[in-house]
Amino acid sequence: MTFSPVPDKPALEGLESKWDGTWSAAGTYRFDRENAERSRVFSIDTPPPTASGSLHIGHVFSYTHTDVMARFQRMRGKDVFYPLGWDDNGLPTERRVQNYYGVRCDPTLPYDPDFVPPFSGGEGKSVKAADQKPISRRNFIELCETLTIEDEKQFEDLYRRIGLSVDWNHSYRTISDESLRTSQLAFLRNLHRGEAYQALAPTLWDVTFRTAVAQAELEDKEQPGAYHRLSFHRPDGGTIEIETTRPELLPACVALVAHPDDERYREYVGTTVTSPVFGVEVPVLAHHLAQKDKGAGIAMVCTFGDLTDVIWWRELDLPNRTIIGTDGRVLPEAPSAITSEQGIAAYAELAGKTVFSAKKQVVELLTASGDLIGEPKPITHPVKFFEKGDRPLEIVSTRQWYISNGAKDPALSEALLERGAELNWHPDFMRVRYDNWVGGLSGDWLISRQRFFGVPFPLWYPVSADGETDFDSPIVPSEDQLPVDPSSDPAPGYDESQRGVPGGFVGELDVMDTWATSSLTPQLAGGWERDPKLWALTAPFSLRPQGQDIIRTWLFSTVLRSQLEDGRSPWSDAAISGFIVDPDRKKMSKSKGNVVTPADILERHGSDAVRYWAASSRLGTDAAFDPQNPTQMKIGRRLAIKILNASKFILGFEAAPDARVTEALDISMLATLRRIVADATDALEAYDHARALETTETFFWTFCDDYLELVKERAYSGDTAAQSSAVAALRHALDVLLRLFAPVVPFATEEVWSWWHEGSVHTASWPTPEELDAVASGEPATLVATSQALTRIRRAKTDAKVSQKTGVRRAVITAPAAELAALRSVEADLRAVGRIAEIHFTEGEELAVSDIVVDNEEATA
RNA sequence: GGGCCUGUAGCUCAGUUGGUUAGAGCGCCACGUUUACACCGUGGAUGUCGGGGGUUCGAGUCCCUCCGGGCCCA
């Protein structure tokens, strides 16, 4: 049996690449599906990082939390299924591919198998949209796959470097054919069960990206605006004045609403008024959502100015007079309600204008007609934006696909709340955010996006003989035909030549929301409907780790899909990490420019140190990180170095093969460690890795500073039972400590393990209190009392300003009876560590060391 | 406006069902080159537990209220 020799100068440098290579070659973290048993499987539904996004320090933070748990469970004998996927399906990838290759996706084009992109590496500078070469969706996806492979390599390097114990054989990519198939299959199942449906409805619309946006992607932004006061005309010649921030929607006005309790307007409810300039007669109605104290207290309802307009339109059964198109400009055709010559002429001036210009124009028209009262009053108010967009959302009427999410189905909503209640949340209070989200949903999940890149809906529509597309009778493929691209593949039962012709078919051009794919990560990783044996082993998963910011999106949508498909929660536990904040407690984000990239941090401090920093933060708690002053990483680095040095020292003592732990101090130290093992295990079982680490670390420093110093002399003292006891206890403790530290400090512990053990510490068994029973029958109190006595001896020497190795002729130790007995039992060790010739013990109330006589000098304490 | 989190030493944070004199690390000060470790060791000082009120024999901890910070939702 040969082990790696203990180096003269152990160092952290180089451990990362050395051990990553060894672990890869040995398959240390491989999921052994042949021997795995469902009852022993610990499966992790890891967040797939956006590979085309930029790396930042937050990436190592939460992933380390997960890895600590994976390593703990693996050492406990679990069959750990720990895959990592890549999310390369979404806007960031799309934009990057457009710029890099100078192309854009046009799903109406056919696939070109011999396509070569016009550029390669057009990084940074974007090619003007007009100059981008249009290519088919399939070609576009192929380019995405090519480019993201490079990005994924970088991420994988990072994650290997920080020592994630991922099984890299189980990676997946959200744009792979397999992911497309899974997404489409899950959608077809939703469709067949009636959970997916299409509807023509007012839709939140981003005019820049020209796509519909879901509730989960909304963001309120404070925007400047202005209340314009304008008068509607009553039949009796009087006026009602309203205030609006969006006068440009006046031609889309369908009613005025006031609160039913508002006495100012009560007499007008039920009457009609005529809109200024456009001359359209609209009813005055009452609704409780009208705010008496907002503006004039009576509002103009337009189709559609905001979400309240949508509610009024729906609940008050109003007509649709949409005037804004999907390009954000005023539609060419005036609503049919505008019939007056003046109104038609006014509308003609607006047609084709942007919202901004239309507003100016309407204000001019109102001023000319005398219906604008006073000057517009500037205000700031919250306006809805797409979280990735920079222009306010419009609301337009379009045909969209939805998946029911409980917003309109109390039974489903109830089931989703039950799933949330069954989940073990770490920390528990995160559950409330889920409950609030489920309870606050106001509409079903809009999953169609008018983008080009993404998972296409597996749908076609028949075209009638007279050329009309029949959206109500979608043509669906069979499950075994998946994946399909309806813009390249003909509809089942049709020939490609029938595309877009009367009596033929058209393909659905929309793609799915990326969350529609991301909500299926357990299915993607676990081989749902692809590898039934793997799925049976892994699902439902044990753990979903993720950030607190995406509970409403990723966590919720994954629960939803699992509920719809399997009627169960996708996991048993959810671990929610906080995020990284800068020293001013600002969230780290690209837009704030305070992002710290991990490469040089890892280079400077080493992976174990960075992991220590991450593992010191509890789940759900934000961690402050100051790159100028990375205190926690320095401490982590010091710990890792200490592990190497202390281990080298301990392993340097001669060990008798039959050594037994006999000395009181040794037994007490191991009894303390026994308690540490129990506490650390409890903490990890409760997902409190920070506490487990702190517990272990505190013991380790006491172990080094006090115990090791106390037994040093004895361990050198030649071939005696006492010497053997010290060495046996040291080795026993080291063995346990390395295993306790292994999840957090995998490199240094593995290095030390290799000096005296075969195999990996990461597949060794997690320590148990029971394994220490035979050697730890004593009382932890002995070590505590001895440490206290040692501190007092040291203090006396420090007060005397002499070296700690200075000899002492005599000292008196006073202590209560119980402690005194303990201290007498370790007298030899105390004398050795303090170089004390003679110790006198006396009983007293408090532990004290006094009457110390230092060699050649006198000092008392 | 609503929900959740949070405020403890100069800094970063522990503090369990309420229970002696509120802790750790860093930083700071002093000392020390001891047969692993100067990427070191030893020792020391450091508090209006955000403010106010209440419950209690007893409150950092429970309740009310106010103030500050953060996240999410309106």
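Remember, it's a predicted structure, so these values are computed and weren't measured experimentally. Residue numbers begin at 1 in each chain, while the letters A, B, ... track the order of the sequences.
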Taking side-chain hydrogen bond (donor to acceptor under 3.5 Å, both in side chains) as the test, write out the residues that go with A/T798, two or more places apart. A/Q804
Just how far, in rounded Å, is C1' of B/A36 from CZ of A/F703? 12 Å
To the nearest angstrom, how far is A/I793 atom CD1 from B/C31 atom C1'? 18 Å
Side chain of A/W437 (C-beta onward), nearest among B/C37, B/G44, B/C73: B/C73
Report the residues that fulfil ring pair (Phe, Tyr, Trp, His ring centres under 6.0 Å) with A/H65, sequence neighbours left out, ordered by chain and then residue number. A/F61, A/H689
Measure from the side-chain heavy atoms of A/K648 and tell me the nearest of B/U35, B/A36, B/G32. B/A36
Check A/R794 with A/D705, please: is the shortest side-chain N to carboxylate O separation under 4.0 Å? no
Atom CD of A/E709 and atom C1' of B/G32: how far apart are they, to the nearest Å? 13 Å
Are any of A/K805's side-chain N or O atoms less than 4.0 Å away from OP1 or OP2 of B/C31? no
Hey, does A/D705 reach any base, or is it just sugar-phosphate, or nothing, if we go heavy atoms under 4.0 Å? sugar-phosphate
For a quick check of understanding: with a heavy-atom distance under 4.0 Å over all strands, which category does A/K384 fall into, base, sugar-phosphate or nothing? nothing
Return the nearest nucleotide to the side chain of A/K712; candidates are B/C73, B/U42, B/U34. B/U34
Heavy-atom nearest nucleotide on RNA chain B taken for A/S616 and for A/R637; more 5' hit belongs to A/S616
In this structure, which stretches of RNA chain B are paired as stems of three or more consecutive Watson-Crick or G-U pairs, both distances less than 3.5 Å? B:1-7 with B:67-73, B:10-13 with B:23-26, B:28-32 with B:40-44, B:50-54 with B:62-66
Across all chains, not counting sequence neighbours, the ring pair (Phe, Tyr, Trp, His ring centres under 6.0 Å) partners of A/W445 are none
Remember a base hit wins even if backbone is also touched, and classify A/Q291 as base, sugar-phosphate or nothing at under 4.0 Å, heavy atoms. nothing
When rounded to whole Å, the CH2 to P distance for the pair A/W554 and B/C72 reads 18 Å
With a 4.0 Å cut-off on heavy atoms, is A/R691 in touch with a base, just the backbone sugar-phosphate, or nothing at all? base
CG of A/D626 versus P of B/U12: gap in Å, rounded? 10 Å
Salt bridge check: are A/D306 and A/K384 linked by an N-O gap of less than 4.0 Å? no
Ignoring the backbone of A/S803, work out which of B/U33, B/C37, B/C71 is nearest its side chain. B/U33
Polar atom pairs between nucleotides 23-29 of chain B and protein, under 3.5 Å, N or O only, would you list them?
{"from": "B/C26", "atom 1": "OP1", "to": "A/R638", "atom 2": "NH1", "distance (Å)": "2.9"}
{"from": "B/C26", "atom 1": "OP1", "to": "A/R638", "atom 2": "NH2", "distance (Å)": "3.3"}

Rounded to whole Å, CG of A/D622 lies from P of B/C72 at a distance of 10 Å
A/A640: side-chain contact (heavy atoms from CB on, under 4.5 Å) partners, not counting sequence neighbours: A/L12, A/D608, A/V745, A/A748
Considering residues at least two apart in sequence or located in another chain, which fulfil the ring pair (Phe, Tyr, Trp, His ring centres under 6.0 Å) criterion with A/F304? A/W313
Partner residues of A/N424 under the side-chain contact (heavy atoms from CB on, under 4.5 Å) criterion, sequence neighbours left out: A/H426, A/D573
Using a cut-off of 4.0 Å on non-hydrogen atoms, how would the nucleic acid contact of A/W701 be classed: base, sugar-phosphate, or nothing? sugar-phosphate
According to the 5.5 Å centroid and 30° plane-angle thresholds, does A/Y716 stack upon the nucleobase of B/U35? yes
Can you tell me if A/K642 touches the phosphate of B/G41, counting only side-chain N or O atoms and a distance under 4.0 Å to OP1 or OP2? yes
B/G43, B/U12, B/A36: which one has an atom nearest the side-chain heavy atoms of A/A624? B/U12
Do A/I676 and A/F700 have side-chain heavy atoms sitting under 4.5 Å apart? no
Whichever of A/P382 and A/L708 has its nearest RNA chain B nucleotide further upstream toward 5': A/L708
Quick one: salt bridge (Lys or Arg N to Asp or Glu O under 4.0 Å) partners of A/E13, sequence neighbours excluded? A/R637
Is any side-chain N or O of A/K801 under 3.5 Å from a base N or O of B/C31, one able to act as donor and the other as acceptor? no
Taking the basic N atoms (NZ, or NE/NH1/NH2) and the acidic carboxylate oxygens, is any pair closer than 4.0 Å for A/E751 and A/K648? no
State whether A/T791 places a side-chain N or O below 4.0 Å from either non-bridging phosphate oxygen (OP1 or OP2) of B/G43. yes
Provide the full list of salt bridge (charged side-chain N to carboxylate O under 4.0 Å, His left out) pairs with a residue in residues 419-432 of chain A, sequence neighbours left out, each pair given once. A/R419-A/E422, A/D428-A/R431
Suppose we screen for ring pair (Phe, Tyr, Trp, His ring centres under 6.0 Å). Which residues come up paired with A/F649, at least two apart in sequence or across chains? A/F653
Could you list, one pair per line, each protein nitrogen or oxygen that sits under 3.5 Å from a nitrogen or oxygen of nucleotides 2-4 of chain B, together with the distance?
{"from": "B/G3", "atom 1": "O2'", "to": "A/N436", "atom 2": "ND2", "distance (Å)": "2.9"}

